[in-house]
Number of protein chains: 2
Amino acid sequence: MRHMTTLLYIDAVARAGSIRKAAETLSITSTALNRRLLAIEEDLGVPIFERLARGVRLNSAGELLIHHIRNQISDMDRVRSQIADLAGERRGHITIACSQALLPYLPQQIAAYRREHPGVTFAVFRRDREAAEQALVDHTADLALVFEPIRLAEFQTLLTVRQHVHAMLSRDHPLAARPVVRLRECLDYPIALPTRAYGVRHLMEAALVDSAMSLNPVVESDSFEFLGHQAIAEGIISFQIPIGLPPGGILPNMVSRQIDARDVPSGLIYMGQLRGRTLPVAAARFADLLQKDLETKYECQ
Amino acid sequence: MRHMTTLLYIDAVARAGSIRKAAETLSITSTALNRRLLAIEEDLGVPIFERLARGVRLNSAGELLIHHIRNQISDMDRVRSQIADLAGERRGHITIACSQALLPYLPQQIAAYRREHPGVTFAVFRRDREAAEQALVDHTADLALVFEPIRLAEFQTLLTVRQHVHAMLSRDHPLAARPVVRLRECLDYPIALPTRAYGVRHLMEAALVDSAMSLNPVVESDSFEFLGHQAIAEGIISFQIPIGLPPGGILPNMVSRQIDARDVPSGLIYMGQLRGRTLPVAAARFADLLQKDLETKYECQ
DNA sequence: CGATCTGCTGCAAAAAATGCAGCGGGTAAG
DNA sequence: CTTACCCGCTGCATTTTTTGCAGCAGATCG
């Protein structure tokens, strides 16, 4: 789209924080880029960037403008795929910002969608809750999937899924014989925990806040994959939510057992988008698909 | 705004229905305009206009695109005035599509607003209900003020004002002695009526649908101003709603008397905008002003 | 205090947009 | 059916705009 190049350029400069850096990623000279900025600022009658020694930064007028520009860019993308839809073929690109715990769930959903619409491509980024919401705001993601997010004004919830915390343990573990385990039973054994950045840890700490018990993990990690392996290797207990377990079990000797709901409150997975934005056709359809799938498998609201 | 010229061109062609005509209004050659269209269509990969013998017409892809384009144009206008707002001065242009009956009401409101913000300019067009709603859709109006409109999916109501039909008559008329008159009393005298296109006529016909009485106007017109003059000149009765009466009375010897509410149902004035659109700052503030003023003067909902 | 960034400018080359004249095709009136 | 007219479109020359190169002044950092 010829007429949008200036907009794309401004966006690139805003992201790069420097004209020269942006010019490099755009494969043009800094001269050309600089001149386009000056032209726009003259059109507007006011500067949109502050000039700093280390580069440039949007001023308040620029913030207003960049919002508009990013909307225009994604709107135009949406219109283009709507038009492509008219011609019969669905094309597009869907970007998803997703909490680590939910990453194992997505691949087969994406595969199912792509079987119907091979022209649609995906990008999935692992983002903590805050970064996921920020990604929606700056249009680097169409959809966000997060566990127990900090609610932001810009986040528009499309679906919530209730999830109970499960213990992940080796098939040989004494507690593996029970369908549901109590939290205090788990704490009699050595445990591995995700760091405090994760919702699972958050829920477990909240559960013990009024209790005499405390969490004393022997291993702590920011990787659920590592925690799973560790649990098997050492015969200890780790924790996860069901949606984080890939279908067919994570590891050969691992089983998962729900923690009694009285002990640890359940958490909510949120699927959402940027408030007020009209999603591209493809992203909206994919969100529908996720919603249908999640509703059959879990307790949704 | 340099980068929008192509969009403006496309919009002009869509409105003109012909490349050559549009080129003339844009003060460029048809060649240049034609080439821009071809360039856009190549970018999109599909044509957006059907070529007819008498000119061009949007096809379905074009309809999709023109919607987006008009949104972009007015969005950019909004952003520009937001940026101007940052610099302290409010600028902008407000376009209003308004039923004839409401035209006398607007001037002093506009004057009041312009006293605060001299940088804001206005355009007011007299439009029947249907045309007013259409004006919102194709972005030729920011706000619409209509009496008893046909509700459209695209019309988002901002405010409604209840209005009772009044008889307009000469100060010497026998009925002028009463504060409230009955409809049947009026029909004992010769009357002047607006045509069936107007809400006032509509309400009066609805009132008589189950009655033995009927409306037999001696004069019919599509101009309330004419009807008022006629009522005075000939000593007959015409009809209008209060908001259609300029403050201080229309004509020297004219008085208005409410028709008893049991006889003629009251109607509603609707102020509205295009659904889902974010109005420019200036238009939104002016709508606030109208709302505040109407709420002090009339019964609103 | 030099090294290294930054945004910005003069000038020439490259690219894009524009205008002119004219072609072919369709509609509407004679 | 013919004629006149209006339409969108194209080749070519001209004008306008954009781009790249080289270099400048200013600020930061080691």
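Naming convention: chains lettered A, B, ... in sequence-line order (proteins, then strands); numbering from 1 in each chain. This one's a predicted model, so the numbers in the text were calculated from it and none came from an experiment.
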Specify the separation, in whole Å, of atom [atom1] of [X] and atom [atom2] of [N].
X	N	atom1	atom2	result
B:Tyr9	C:dA16	OH	P	18 Å
B:Ile28	C:dG19	CD1	C1'	11 Å
A:Leu33	D:dC21	CG	C1'	16 Å
A:Phe49	C:dT6	CZ	P	15 Å
A:Glu24	C:dC5	CD	P	11 Å
B:His3	C:dA17	NE2	P	15 Å
B:Asp43	C:dA17	CG	C1'	15 Å

>> What residues from residues 57-65 of chain B pass a heavy-atom cutoff of under 4.0 Å to DNA chain C?
In response: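 Residues of residues 57-65 of chain B under 4.0 Å from DNA chain C: none.
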
>> If the condition is salt bridge (Lys or Arg N to Asp or Glu O under 4.0 Å), which residues does A:Asp222 pass it with, not counting sequence neighbours?
In response: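 Partners of A:Asp222 under the salt bridge (Lys or Arg N to Asp or Glu O under 4.0 Å) test: none.
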
Could you tell me whether the side chain of [X] and the main chain of [Y] form a donor-acceptor pair under 3.5 Å?
X	Y	answer
A:Ser99	A:Ala101	no
B:Glu41	B:Phe49	yes
B:Gln72	B:Met4	no

>> If you compare all heavy atoms of B:Ala84 against all heavy atoms of B:Arg91, which two are closest, and at what distance to 0.1 Å?
In response: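 Smallest interatomic distance, heavy atoms only, reads CB-NE, 3.9 Å.
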
>> Checking A:His139 against A:Ser74: is there a side-chain donor and acceptor pair closer than 3.5 Å?
In response: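 Looking only at side-chain atoms, A:His139 and A:Ser74 do form a donor-acceptor pair, the distance falling under 3.5 Å.
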
> Do A:Asp11 and A:Arg70 meet the salt-bridge criterion of a basic N to acidic O distance under 4.0 Å?
Replying inline: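 Here A:Arg70 pairs with A:Asp11 in a salt bridge, since their nearest N and O are under 4.0 Å apart.
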
> Within a strict 4.5 Å, meaning less than it, do heavy atoms of the A:Arg277 and A:Leu136 side chains meet?
Replying inline: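 The answer is no; the side chains never approach within 4.5 Å.
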
> Partners of B:Tyr113 by ring-ring contact (aromatic ring centres under 6.0 Å, His included), sequence neighbours excluded?
Replying inline: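 If we apply the ring-ring contact (aromatic ring centres under 6.0 Å, His included) test to B:Tyr113, skipping adjacent residues, the hits are B:His117, B:Phe122, B:Phe286.
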
> If you fit an axis to the five pairs at each end of the helix from C:dC1-D:dG30 to C:dG30-D:dC1, how big is the angle between those two axes, to 10 degrees?
Replying inline: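 That helix has its two terminal axes inclined by roughly 30°.
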
>> I'd like to compare against my own output: the B/S/- annotation of nucleotides 3-10 of chain D with a strict under-4.0 Å heavy-atom distance to protein.
In response: ----BBBB

> Which residue pairs satisfy the salt bridge (Lys or Arg N to Asp or Glu O under 4.0 Å) criterion with at least one member in residues 54-68 of chain B, sequence neighbours excluded?
Replying inline: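 Qualifying pairs: B:Glu50-B:Arg57.
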
> Out of C:dG19, C:dT18, D:dT18, which has the shortest distance to the side chain of A:Arg36?
Replying inline: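 From the listed options, D:dT18 comes nearest.
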
> Can B:Arg126 and B:Glu225 be said to form a salt bridge (charged side-chain N to carboxylate O under 4.0 Å, His left out), step by step?
Replying inline: CA-CA 14 Å; B:Arg126 175 187 172 291; B:Glu225 197 187 358; over 6 Å; no

